[in-house]
Amino acid sequence: MAALTILYFAWVREAIGRDEEKVERPETGTSIAELIAKLATRGDGYAQALGDPEKLRAALDQKFVPLDTIIGEAKELAIFPPVTGG
Amino acid sequence: MAALTILYFAWVREAIGRDEEKVERPETGTSIAELIAKLATRGDGYAQALGDPEKLRAALDQKFVPLDTIIGEAKELAIFPPVTGG
Amino acid sequence: MSRVSIQAEDFDIAAELAALEACGGGGVASFTGIVRGGEGLTALELHHYPAMTMAQVGRIVEDAMARWPLLGVRVIHRYGRLAPGERIVFVGTASRHRTAALESCAFLIDWLKSHAPFWKKEHFSDGSARWVEARVEDDAKARGWLE
Amino acid sequence: MSRVSIQAEDFDIAAELAALEACGGGGVASFTGIVRGGEGLTALELHHYPAMTMAQVGRIVEDAMARWPLLGVRVIHRYGRLAPGERIVFVGTASRHRTAALESCAFLIDWLKSHAPFWKKEHFSDGSARWVEARVEDDAKARGWLE
């Protein structure tokens with residue numbers, strides 16, 4: 001099964017301690033929120049970064065999407081706080 | 001009696017052929033429009049420049065004023081077409 | 001910081017913007033007007049009424065500084081004979097707030113382009129020339145404002 | 001002519017404006033954003049999502065070109081660590097019409113300052129640092145626009 005690349009930005013990146021990782025593609029029908037909940041169980045940094053989904057936004061293949069979006073065939077998922085502009 | 005300096009701008013200046021002249025101060029109570037009418041009788045260039053007061057605007061001592069303004073003690077009268085901006 | 005120049009010479013935009021950037025605000029807005037070519041135009045000749053121009057532009061700059069929280073305003077307007085492509089006017093504003101900088105810049109250039117005491121003569125490649133006529137609404141506004 | 005750069009380096013405003021002036025329009029509007037100091041701020045650290053930033057800024061520039069008759073648009077946004085007083089963003093627009101140049105410049109900078117995919121961290125002289133939080137209304141707008 002193809003891998004899914006996850007990118008982290010801003011304090012999500014700081015808490016997790018990495019800017020990018022590859023994970024196994026979750027099973028068909030999994031939403032971003034469900035994947036985030038699963039990642040949050042991985043331990044300290046992940047729990048801190050991903051424990052409160054209210055504070056998180058996401059993009060699938062470089063497009064902003066709501067967290068209840070199904071990951072489907074996307075190749076790149078980005079997880080980050082709300083953007084603060086330039 | 002003190003003199004009044006008259007400045008001409010744009011096509012008024014071109015028609016009259018001078019940018020500035022000193023004239024005898026008109027009698028008390030004379031308006032700009034009345035002075036313009038008098039100047040317009042001076043001859044070709046003046047008639048052409050000043051014959052149609054509708055097309056003229058004026059300033060007294062560097063302030064825009066309507067043509068029916070009394071010249072009074074002003075030192076400088078400017079006569080010109082409507083400004084076209086920068 | 002506010003400064004107005006009415007001059008025949010061109011100006012150094014980079015130096016003007018650097019001075020505005022040094023005002024300590026978060027933003028600098030600017031507008032540069034350029035003589036547009038086309039229809040055989042070879043030159044634009046700008047006349048003005050020096051004493052009145054300085055006084056009126058100075059007053060409108062004060063107005064802008066009263067209406068918006070500005071840290072710097074710079075206005076440069078050229079006169080004389082300008083060829084298409086040459087700069088004719090520059091307005092730069094600095095503020096802590098981008099909206100104040102942008103709005104005041106638009107306000108100043110709108111005033112300059114419609115009400116400033118300049119007269120323009122267009123010269124064409126066939127040797128002809130004509131004075132630009134004021135737009136009726138600009139003239140009406142100018143009189144309403146200034147009387 | 002439209003060009004977008006997302007870069008760490010500073011930029012040459014005079015060269016950018018000269019290119020816009022050469023587009024043949026009557027006016028060039030610009031806005032330069034500068035890192036504001038105060039409250040012990042020693043640096044602003046900007047992070048972004050490169051692939052998304054380029055795509056989204058490119059799209060908003062296309063939007064602007066569809067809404068206004070523009071001859072040129074230039075957007076430069078820096079990332080990385082910037083000190084107070086340093087330039088952070090530049091938007092320049094060229095049009096035959098001053099209103100189009102000014103309005104599109106304001107539109108682009110508004111979008112960039114509120115919705116562009118950047119995250120900012122403030123560093124202070126006491127060694128502390130904090131991530132800037134999105135304003136609720138900006139976040140709501142960003143989601144509304146982009147979903």
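Chain letters run A, B, ... following the sequence lines, proteins first, then strands; residues in each count from 1.
For D:D126, the CG atom counts as densely surrounded, since its 6.0 Å shell holds more than 12 non-hydrogen atoms of other residues, nucleotides or ligands. Sparse packing is recorded around CD of A:E73, with 12 or fewer heavy atoms of other residues, nucleotides or ligands lying under 6.0 Å away. In this structure, D:R3 places its CZ atom where only 12 or fewer heavy-atom neighbours from other residues, nucleotides or ligands lie under 6.0 Å away.
Heavy-atom distances place no part of D:V89 under 4.5 Å from chain A, backbone and side chain included. Of the atoms belonging to D:A55, not a single heavy atom falls under 4.5 Å from chain A.
Taking the six-membered ring where the residue is Trp, D:W119 and A:F9 present parallel rings, their angle staying beneath 30° rather than reaching 60°.
Rounding to the nearest 0.5 Å gives a distance of 9.5 Å between CZ of A:F64 and NE2 of D:H115. Between D:M52 atom CE and A:E76 atom CD the span is 9.5 Å, to the nearest 0.5 Å. Atoms CD and NZ, from D:E133 and A:K55 in turn, are 7.0 Å apart once rounded to the nearest 0.5 Å. Taking OH of A:Y8 as the reference point, atom OH of D:Y49 lies at 12.5 Å (rounded to 0.5 Å).
Of the possible polar contacts, one joining the A:T84 side chain to the D:F118 backbone as a donor-acceptor pair under 3.5 Å is found. A donor-acceptor pair under 3.5 Å is absent between the side-chain atoms of D:K121 and the main chain of A:A10, judged by distance alone.
Scanning residues 10-35 of chain D against chain A with a 4.5 Å heavy-atom cutoff picks out nothing at all.
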Criterion side chain to side chain contact (heavy atoms under 4.5 Å, CB included) on A:Q62 and D:Q56, from CA distance to verdict
CA-CA 9 Å; A:Q62 293 109 45; D:Q56 291 201 355; over 6 Å; no
Derivation and outcome, side chain to side chain contact (heavy atoms under 4.5 Å, CB included), residues D:W131 and A:E14
CA-CA 11 Å; D:W131 288 95; A:E14 282 185 343; 2.8 Å; yes
